[in-house]
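This is the structure, below, for whatever I ask next.
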Amino acid sequence: MSVQPPHYFPAPRRAKFCSQCGTPISRRVPDGDNRERDICDHCGAIHYQNPRVVVGTVPVWENRILLCRRAIEPRYDTWTLPAGFMELGETTAQGAARETLEESGARVELGELFTVIDVPQVDQVHIYYLARALGPELDPGPESLDARYYDESEIPWDDLSFRTVVTTLRHYLEDRRRGVYQAHRYSLEHH
């Protein structure tokens with residue numbers, strides 16, 4: 001009987017063996033390229049690494065913003081907008097709606113693309129859509145300890161999980177005060 005680890009993290013980005021033939025791989029710049037890549041010298045496979053895309057929403061019900069309390073690492077027991085890694089075979093909009101349903105149980109109608117945030121130090125791009133909740137019902141899934149709607153004055157700013165969540169919420173509240181929502185694209189570097 002094997003014991004499951006208490007937390008799951010994405011597998012390391014660097015591989016040791018070729019996923020095509022199982023041979024140890026090397027790291028070098030392939031002919032005609034300009035970056036180091038993981039290369040199998042046995043079968044010739046080049047294992048490209050690309051940024052991971054996180055998709056989510058800013059769901060609102062009656063002027064209140066939905067936040068979920070994380071039941072997983074990283075940032076266990078902090079509040080976040082519903083979001084997660086995009087899956088193969090889905091669009092960013094489909095992934096955002098799926099993650100919202102999985103993490104909060106909220107059914108939403110997606111609005112416009114709202115934030116696109118480059119986070120190069122962790123090889124990620126975070127994409128959030130505006131969303132209108134179709135009702136107040138919530139049923140958090142296994143990745144959330146809790147989910148609830150917050151008035152602006154109640155947002156737990158000191159207990160939010162990620163800078164992308166903080167900046168997306170700040171843009172949302174600023175746009176709401178102005179009465180005009182626009183797309184925001186920016187990078188968050190180390191600080």
### Of all pairs that satisfy ring pair (Phe, Tyr, Trp, His ring centres under 6.0 Å), the ones with a partner from residues 20-46, not counting sequence neighbours
none

### Message
Could you report the tightest heavy-atom contact between H47 and S19, atom names first, then the distance?
### Response
CE1-OG, 3.3 Å

### Query
Does the side chain of E99 reach to within under 4.5 Å of the side chain of V54, using non-hydrogen atoms?
no

### Inter- and intrachain pairs under ring pair (Phe, Tyr, Trp, His ring centres under 6.0 Å), touching residues 93-122, at least two apart
F114-H184

### Query
Measuring from W61:CH2 to L138:CG, what's the distance to the nearest 0.5 Å?
10.5 Å

### Heavy-atom pair of closest approach, residues A93 and Y129
N-OH, 3.6 Å

#### Entry: Hydrophobic cluster identity match, V166 and V58, side-chain contacts under 4.5 Å
yes

### Task
Please name the pair of heavy atoms, one in A131 and one in L110, separated by the smallest distance, quoted to 0.1 Å.
CB-CD2, 4.1 Å

#### Entry: Audit row: I25, Q20, side chain to side chain contact (heavy atoms under 4.5 Å, CB included) steps and yes/no
CA-CA 11 Å; I25 57 177; Q20 302 300 305; over 6 Å; no

### Query
Charged N to carboxylate O under 4.0 angstrom, R52 versus D123?
no

### Query
Should L173 and I155 count as side-chain neighbours, where that means a heavy-atom distance under 4.5 Å?
yes

### Query
Can you get from V116 to L188 by hopping between Ile, Leu, Val, Met, Phe, Trp and Tyr side chains that sit under 4.5 Å apart?
no

### Query
Do I39 and V29 share a hydrophobic cluster, counting only Ile, Leu, Val, Met, Phe, Trp and Tyr and linking them when any side-chain heavy atoms are less than 4.5 Å apart?
no

## Note on the structure
For E103 and L81 the tightest heavy-atom approach is OE1-O, 4.3 Å

## Note on the structure
One should read off an interatomic distance between E152 CD and R177 CZ, to the nearest 0.5 angstrom, of 4.5 Å

### ILVMFWY network linking L66 to V60, side-chain heavy atoms under 4.5 angstrom
no

### Message
If we ignore hydrogens and angles and just use 3.5 Å, is the side chain of R98 paired with the main-chain N or O of M86 as donor and acceptor?
### Response
no

### Query
Cluster question for you: counting only ILVMFWY and a side-chain heavy-atom cut-off of under 4.5 Å, with indirect links fine, are V122 and V55 together?
no

### Task
Could you check V108, L101, T100 and say which one makes a side-chain contact (heavy atoms from CB on, under 4.5 Å) with P82?
T100

### Check ion pair R185-D118 (N to O, under 4.0 angstrom)
yes

### Message
Within a 6.0 Å radius of atom CG on D151, are there more than 12 heavy atoms belonging to other residues, nucleotides or ligands?
### Response
yes

### Query
Do you know the tightest heavy-atom contact between Y149 and P136?
CE1-O, 3.6 Å

### Task
Evaluate the side-chain proximity of R75 to T80: yes if any heavy-atom separation is below 4.5 Å, no if none is.
no

### Residues that L134 engages under side chain to side chain contact (heavy atoms under 4.5 Å, CB included), provided they are two or more places apart
R107, E109, R132

### Message
Does any part of the side chain of Y48, heavy atoms only, come nearer than 4.5 Å to the side chain of D33, both counted from C-beta?
### Response
yes

### Query
Within the distance-only criterion (no hydrogens, no angle test), does the side chain of Q182 pair as donor or acceptor with the backbone N or O of D175 below 3.5 angstrom?
no

### Summary
Closest non-hydrogen atoms of T164 and T168, given as atom of the first, atom of the second and distance, are O-OG1, 2.8 Å

### Query
Roughly how far, to the nearest 0.5 Å, is the OG1 atom of T78 from the CG atom of L160?
8.0 Å

### Query
Is a side-chain N or O of T115 found less than 3.5 angstrom from the main chain of I117, in a donor-acceptor match?
no

#### Entry: CZ/R178: more than 12 non-hydrogen atoms of other groups inside 6.0 Å
yes

### Query
So do the side chains of I127 and L113 get within less than 4.5 Å of each other, counting heavy atoms only?
yes

### Message
Taking the side chain as everything from C-beta on, heavy atoms only, tell me whether S104 gets closer than 4.5 Å to P59.
### Response
no

### Within the 6.0 Å centroid threshold, strictly below: Y186 and H171
yes

### R170 side chain reached by W157 side chain, heavy atoms, under 4.5 Å
yes

### Query
Mind checking whether Y172 and Y128 have side chains closer than 4.5 Å, heavy atoms only?
no

### Query
Is a side-chain N or O of S144 found less than 3.5 angstrom from the main chain of R70, in a donor-acceptor match?
no

### Task
Mind running side chain to side chain contact (heavy atoms under 4.5 Å, CB included) on L145 and Y76 for me, showing each step along the way?
CA-CA 9 Å; L145 297 169; Y76 175 84; 3.9 Å; yes

### Separation between CZ of R37 and CG of N34, rounded to the nearest 0.5 Å
7.0 Å

